[in-house]
Protein chains: 2
Amino acid sequence: MTEGPDIARIAALVADPARSSMLLALMDGRALTATELSSLAGVTKQTASSHLAKLVDGEVLQMEAQGRHRYFRLAGAHVAALIEALMVFTSDAAAPVRTGPREPALRKARVCYDHLAGEMGVALYDRARDAGWLADDLGVTDKGWSKFSAIGVTPDSLPRSNRPQCRACLDWSQRRHHLAGMIGKATLDRLFALSWARRLPASRVVAFTPEGERRFREWIG
Amino acid sequence: MTEGPDIARIAALVADPARSSMLLALMDGRALTATELSSLAGVTKQTASSHLAKLVDGEVLQMEAQGRHRYFRLAGAHVAALIEALMVFTSDAAAPVRTGPREPALRKARVCYDHLAGEMGVALYDRARDAGWLADDLGVTDKGWSKFSAIGVTPDSLPRSNRPQCRACLDWSQRRHHLAGMIGKATLDRLFALSWARRLPASRVVAFTPEGERRFREWIG
DNA sequence: CCGATGGTTCGGTTATCATCGAACCATGAC
DNA sequence: GTCATGGTTCGATGATAACCGAACCATCGG
């Protein structure tokens, strides 16, 4: 009866329906206030407060106080990865029966925490590996930097952080990997800045403009 | 209050200490009997039976009856991925404080579900991507097949299944990817068959012989 | 047929925890 | 100062579920 890592503790934090709703709502990387989260989860402020305290205590969420508001966001990309790992199950159960695109727009391009997921995200990741933008250890190569610079993602523009420069994140709808880490975030930021795409309100959908999609595909080659 | 995917249901299955112990015990990919699991989890047979029924019902475990024994194994590689995603948390909490190699042998080479993980597993994956054994979509190339054939992993030797031929699995200790999927399993099987390595009893450690490690490194180039 | 062993089913007990009402604290607007 | 709003604390309630004892079913070995 070897006492392994305390998997159960973290799992229990996600196991409550109210808490899991909150986590899903935060998957787009925004920071929401306690009351917003309470109404999203369908519970009162008191209950939400209790839940949020547990999530922060368990280091699943980060809290930032601004004035009389408290903003909550996911504690990091590893939390987003965990949630997506859980979502794989629900898509599994449904896939053999109805592979139908329940949310076509969501499958095509969506925000995963702070980077691009869905078909477009997977295409970017595949291309980056294929064309040698990334090394084996997922470090960005010289060739990669020249490519990323073309849309305004330069080494200098990345904030100093101990967060991995580049990570691969398993995609829920595609069952493949997409580009995560700081490079993933910076790239998505640039897509918005360049107006190639915009985020639909109250949704994780990333909507490309026709022109934007054309130039994106042209960019990745 | 959008009803998202039922994350909480799966998380709840992992959230119980007894059940999480069982899942951790099954991470090496073996199939264990109900009583073995009950003693590992520190509960009686009755409670274990109840837990196992829930896990099978939730499609987290698969059950196979052999005579009067019931063998349980993880339902797939996505379950292993989920568990590793949870382990990232516990290692996270500890890493900044003591990066020390708590279990050096475990970090070097271990079994993850049914394939090779740890430094050696990551080295294999990196080399496979680097040297073009795998295509962008992680399909095995002609070049790859000739390499894998050299240690006895041929297309014919792989069982027909809808399981992905090759997958990348995020490594808990290395925070990098290692080779998973059917190719990953077949490769590990061959390492044992060739006596390049053996599995330490009652542990997930994969112990290479000196000769075995030499030939493994020579093989991957 | 008879024990022995592996697993399950059933009932009852216990403990944990999500939930909300109500009261309370803190910030900001006026 | 007063009032409104965002959040937390406290206590009580209720539901869920883990747990075990005991009885039961199924398979294997003789």
Side-chain angles (χ1 to χ4, degrees), chain A residues 1 3-4 6-26 30-73 75 86, chain B residues 1 3-4 6-26 30-75:
Chain A
M1 184 179 161
E3 280 290 333
D6 203 355
I7 301 299
R9 216 187 96 259
I10 305 287
L13 289 175
V14 190
D16 181 82
R19 285 195 292 261
S20 73
S21 298
M22 295 177 179
L23 292 174
L24 285 172
L26 293 169
R30 284 175 308 175
L32 299 179
T33 72
T35 27
E36 283 171 323
L37 288 169
S38 76
S39 85
L40 282 171
V43 293
T44 62
K45 285 184 302 182
Q46 310 94 301
T47 346
S49 174
S50 156
H51 286 310
L52 290 169
K54 286 175 191 178
L55 289 171
V56 169
D57 185 63
E59 297 187 332
V60 173
L61 293 187
Q62 279 176 351
M63 195 259 284
E64 191 178 348
Q66 257 175 42
R68 57 178 167 182
H69 292 271
R70 267 102 208 263
Y71 285 93
F72 295 87
R73 68 162 56 85
L86 281 164
Chain B
M1 182 179 162
E3 281 292 335
D6 203 355
I7 301 298
R9 217 187 94 258
I10 305 288
L13 289 174
V14 190
D16 182 81
R19 285 195 292 261
S20 74
S21 299
M22 295 178 180
L23 291 174
L24 285 171
L26 292 170
R30 284 176 308 174
L32 300 179
T33 72
T35 28
E36 283 171 323
L37 288 168
S38 78
S39 85
L40 282 171
V43 294
T44 62
K45 285 183 302 181
Q46 310 95 300
T47 27
S49 175
S50 158
H51 285 311
L52 290 169
K54 285 175 192 178
L55 289 171
V56 169
D57 185 64
E59 297 187 333
V60 173
L61 293 187
Q62 280 177 352
M63 195 260 285
E64 192 179 347
Q66 257 175 42
R68 57 178 168 179
H69 293 272
R70 266 103 208 263
Y71 285 93
F72 295 87
R73 68 163 55 85
L74 299 190

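Order of the sequence lines fixes the chain letters, A, B, ..., with proteins taken first and strands second; residue numbering starts at 1 for each chain. Just so it is clear, the structure is predicted and the values come from calculations on it, not from any experiment.
- Residue Thr33(A) is in sugar-phosphate contact alone, with no base atom involved, counting any heavy-atom pair closer than 4.0 Å across all strands shown.
- Both Gln46(A) and Arg68(A) lie near DNA chain C, and the one whose nearest nucleotide falls closer to the 5' end is Gln46(A).
- Here the closest heavy-atom approach between residue Ile10(B) and residue Gly58(B) is recorded as CD1-O, 4.2 Å.
- Side-chain contact check for Leu52(B) versus Met63(B): every heavy-atom pair is 4.5 Å or farther apart.
- Residue Ala48(A) is out of contact with every strand shown, counting any heavy-atom pair closer than 4.0 Å.
- The shortest distance between the side-chain N/O atoms of Thr44(A) and the OP1/OP2 oxygens of dT19(C) is not below 4.0 Å.
- With rounding to whole Å, Lys45(A) atom NZ is found 16 Å from dT27(C) atom P.
- In this structure, Glu64(B) places its CD atom 19 Å from P of dG6(C), rounding to the nearest Å.
- OP1 or OP2 of dT19(C) lies within a sub-4.0 Å distance of a side-chain N or O belonging to His51(A).
- Counting 5' to 3', DNA chain D first comes under 4.0 angstrom of a heavy atom of chain A and last does so at the ends given by dA4(D) to dT9(D).
- In this structure, Arg19(A) contributes its side chain and Leu13(A) its backbone to a donor-acceptor pair below 3.5 Å.
- Using a 4.5 Å cut-off on side-chain heavy atoms (C-beta onward), Ser50(B) and Lys54(B) make contact.
- Backbone-only engagement by Thr35(B) is indicated by non-hydrogen atom pairs under 4.0 Å involving sugar-phosphate atoms exclusively.
- As a whole-Å value, the separation of Lys54(A) NZ from dC17(C) C1' is 6 Å.
- Rounded to an integer number of Å, the gap from Asp16(B) CG to dA15(C) P is 17 Å.
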Side chain to side chain contact (heavy atoms under 4.5 Å, CB included) assessment of Leu74(B) paired with Leu61(B) | CA-CA 5 Å; Leu74(B) 299 190; Leu61(B) 293 187; 3.7 Å; yes
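- Rounded to whole Å, the distance from OH on Tyr71(B) to C1' on dG6(C) is 11 Å.
- Formation of a donor-acceptor pair under 3.5 Å by the Ser21(B) side chain with backbone atoms of Pro17(B) is found in this model.
- Taking atom CZ of Arg70(A) as the reference point, atom C1' of dA26(C) lies 8 Å away to the nearest angstrom.
- A side-chain contact (heavy atoms from CB on, under 4.5 Å) with Leu37(B) is found for one member of Val43(B), Leu55(B), Leu32(B) and no other, namely Leu32(B).
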